[in-house]
Peer 1: 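Below is a structure I'd like to ask you about.
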Amino acid sequence: MAADLPAVSIELWRADAVVLFDWLMSTDLNSVPITHPAQKQALMDLLTRLEHETDIPGVTQAQIDAAQAEVAHDMGW
């Protein structure tokens with residue numbers, strides 16, 4: 001991200017970050033419904049940040065499965 005652009009900092013629950021990263025890596029973003037091209041770019045920016053600024057890309061399938069279970073726990077679905 002360019003240093004001169006305004007930024008916000010957010011904290012994600014690690015399990016959410018794992019689930020989002022796994023989904024973004026396995027999703028064809030061309031098939032995700034969007035109403036503006038910036039939405040697709042924002043998803044790509046999130047993927048890039050997760051990929052380059054965290055250790056999330058090194059998680060195992062077992063860790064992904066556990067993160068999905070944690071995030072889905074008590075959803076009521």
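None of these values were measured; they are calculated from a predicted model.
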Peer 1: Counting only N and O atoms by type, is there a donor-acceptor contact under 3.5 Å from the side chain of Gln39 to the main-chain atoms of Thr35?
Peer 2: yes
Peer 1: What is the distance from atom CD1 of Ile56 to atom CE of Met25, rounded to the nearest 0.5 Å?
Peer 2: 12.5 Å
Peer 1: Hey, any chance Phe21 and Leu29 share a hydrophobic cluster, counting ILVMFWY side chains that come within less than 4.5 Å of each other, even indirectly?
Peer 2: yes
Peer 1: Count I, L, V, M, F, W, Y as connected when their side-chain heavy atoms are under 4.5 Å apart, and connections chain through other members. Are Met44 and Trp23 then in the same cluster?
Peer 2: yes
Peer 1: If you group Ile, Leu, Val, Met, Phe, Trp and Tyr by side-chain heavy-atom gaps below 4.5 Å, do Val71 and Leu43 land in one group?
Peer 2: no
Peer 1: Just so I know, are the side chains of Gln68 and Asp22 near enough to count as touching, which here means a heavy-atom distance under 4.5 Å?
Peer 2: yes
Peer 1: Given side-chain hydrogen bond (donor to acceptor under 3.5 Å, both in side chains), test Gln63 with Thr60 step by step and report yes or no.
Peer 2: CA-CA 5 Å; Gln63 290 169 309; Thr60 65; 3.3 Å; yes
Peer 1: Looking at every heavy atom in both Leu50 and Pro57, which two are closest together, and how far apart are they?
Peer 2: O-CD, 3.7 Å
Peer 1: Evaluate the side chain to side chain contact (heavy atoms under 4.5 Å, CB included) criterion for residues Val59 and Arg14: first the C-alpha distance (whole Å), next the side-chain angles of each, then the deciding distance (0.1 Å), finally the verdict.
Peer 2: CA-CA 11 Å; Val59 299; Arg14 182 175 173 78; 3.8 Å; yes
Peer 1: Show, in sequence, the C-alpha distance, side-chain angles and deciding distance for Leu12 and Leu20, and conclude whether the side chain to side chain contact (heavy atoms under 4.5 Å, CB included) test is met.
Peer 2: CA-CA 10 Å; Leu12 287 177; Leu20 284 170; 4.3 Å; yes
Peer 1: Quick check for you: to the nearest 0.5 Å, what is the distance between His52 atom NE2 and Leu47 atom CG?
Peer 2: 8.0 Å
Peer 1: Do other residues, nucleotides or ligands put more than 12 heavy atoms under 6.0 Å from Gln61 CD?
Peer 2: yes
